[in-house]
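Remarks on the structure that follows.
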Amino acid sequence: MSGQNPGDSGWFRYGDPNDAESAATAITERTAEQPQNWPAEAVRAGFVEDEDEYYDALHDATVRATREAVQERETATEQQLQYTIAAMDDAERTANEIAERVVEWAGSLADSRSEGEGRAPDIPGGVDGARAVAAWTPETPAEERVVSLAERAVDLDAERAELRSFVESQAPAVAPNLAEMAGPVLAARLLSLAGGLESLAKKPAGTVQVLGAEDALFAHLRGRGSSPKHGVIFTHEHVRGTHPDNRGSAARALAGKLAIAARIDHYAGEFRQSVHDDLADRMATIRDREVGE
Amino acid sequence: MSTDLPPGIQRRRFDGRERLATRGEPVYGEPQDEEGWRAWDAGRSKLGAMLELELNLGFAGDDGVLYLGAASGTTVSHVADFAGPTYAVEFAPRPTRDLLAVADARPNLFPLLKDARAPETYAHVVEAGLEYVVQDVATRGQATVALRNRRFLAPDGRLVAAIKARSEDVLEDPDDVFSDVLDDLREGYAITDTRRLDRFHDDHLAVVAEPRADDGRS
């Protein structure tokens, strides 16, 4: 078996064909850029006698791998979700900070370069800029440093994406209705702000509505400023995508259903379509009101 | 009267009403007749609704299928009843638990707890040259999912997708959402048919498409 053959990336390329554990691990952990004709490859490699036997082995391996993966993912705790969302925010903030520094620094170097070297002087802002700088071939010690720093920002941004996709995969297991309604990331934020699913489930809708807007809320209670219409739920399409005149209604409707979704998740723990349909109807009404004006 | 249904799918009478049916182990409490046919509820299945609305999907009966967004296996159980090797990808652990029970009774159904947006995490398992990619994922970027999974299709294979407008943007007019999604899909597919599923599923568009030969990238 040389590493050159694309057929080598098939899931069945592990030691003993009777080793169910290795088979499941291969299903779960391996990757391949491109699919191949795996049944034929497996026969050619001598893993199985014929394609029927291949599909039997595949069935056993996928069922086992998936059962184990489900078990593992379902033991995901709210605590893990809260750590992950916090780490994701840290990674994002830090990546942006470093990228900003990189763009400023690289801008000063780009001025003194000849333009024909594929290093246009106009570097985009943020992480995109860091990505552009990371692709430079450094020619001076200073450029070496800035390129290296740019690579950190790019790596950190990739880590942020990984953390986000981890949140996306875990949130539905912890709170299926909340994750469906709020989206996994906002669901994790709400859990995090409330301090867990149980405590979110016990909060009134009005509190859910302003979670994350505590500063504005306390300013309002002290008599300064108007009451906040929304906290972190502002990031939701239902709120952000609604005309400002109707945003208060949208935020109130969404918060009300989110509070119910959290209660279903905590007390019943199963997906319930009706609450999602109710919210969609209510949002349609609010949206129609906008059109009518 | 009706278009030809593929082998393995029939219209049968249940409680005095003609309904779609496939033959296999019951899964979600659907009625079953004495010959082992079980009713396929078009209100609970977008693919069922497409067949009910007589879209010509061209299933041949023993096709290889990659099903993206299998959820708890309601629809994919019917697919595995009439298709050949059926790969079922689902991202959320909770419904996948039910999907496993469906797969237990069906040796040609291969469940995978994977993210349809990251096909490289299952390209070492799912075979190339499949006749169908069936897509029903409620996530933003449904066109991207279809484009990324084109690599599993045979050159004459087909994409059958149920596009959910609310997953892209809850407030935008579904017609606008659909036209954006179709534009994106054309990067890698030639659209052969579209149909609104509103009679059974609000704000869903059925899309049938063929992979375009002039773009080898996926």
Who among A/Gly10, A/Pro172, A/Pro176 has the most heavy-atom pairs with chain B under 4.5 Å?
->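 Answer, by heavy-atom pair count under 4.5 Å with chain B: A/Pro176.
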Based on non-hydrogen pairs under 4.5 Å, which of A/Glu270, A/Met283, A/Glu29, A/Glu168 is most in contact with chain B?
-> A/Glu168
Report the distance from atom CD of A/Glu51 to atom CD of B/Glu127, rounding to the nearest 0.5 Å.
-> 7.5 Å
Gap between atom CG of B/Asn108 and atom CG of A/Asp52 - 0.5 Å precision = 11.5 Å
Which of A/Tyr54, A/Tyr55, A/Trp11 passes ring-ring contact (aromatic ring centres under 6.0 Å, His included) with B/Phe110? It is A/Tyr55
With B/Leu113 as partner, the option from A/Thr66, A/Ile27, A/Thr28 fulfilling side-chain contact (heavy atoms from CB on, under 4.5 Å) is A/Thr66
What residue among A/Arg13, A/Gln34, A/Arg30 forms side-chain contact (heavy atoms from CB on, under 4.5 Å) with B/His124?
-> A/Arg30
Which atoms of [X] are under 4.5 Å from chain A, going by heavy atoms: the side chain, the backbone, both sets, or neither?
{"X": "B/Val126", "answer": "backbone"}
{"X": "B/Leu109", "answer": "backbone"}
{"X": "B/Asp202", "answer": "neither"}
{"X": "B/Glu172", "answer": "backbone"}
{"X": "B/Tyr122", "answer": "neither"}

Is there a side-chain contact between B/Arg106 and A/His59 (heavy atoms, below 4.5 Å)?
->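 No. Closest side-chain heavy atoms not under 4.5 Å.
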Do B/Asp115 and A/Ser169 come close enough that some side-chain heavy atom pair is under 4.5 Å?
->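 They are not in contact (no side-chain heavy atoms under 4.5 Å apart), so the answer is no.
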Ignoring hydrogens and geometry, is there a side-chain-to-backbone donor-acceptor pair from B/Arg151 to A/Glu33 under 3.5 Å?
-> yes
Spell out, as yes or no, whether a donor-acceptor pair under 3.5 Å connects the side chain of A/Trp38 to the backbone of B/Ala123.
-> yes
When you look at [atom1] of [X], are more than 12 heavy atoms from neighbouring residues, nucleotides or ligands closer to it than 6.0 Å?
{"X": "A/Asp281", "atom1": "CG", "result": "yes"}
{"X": "A/Glu21", "atom1": "CD", "result": "no"}
{"X": "B/Tyr28", "atom1": "OH", "result": "yes"}
{"X": "A/Glu49", "atom1": "CD", "result": "no"}

Check ion pair A/Arg287-B/Asp173 (N to O, under 4.0 angstrom) =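 Looking at B/Asp173 together with A/Arg287, the answer is no, because their closest N to O distance does not fall below 4.0 Å.
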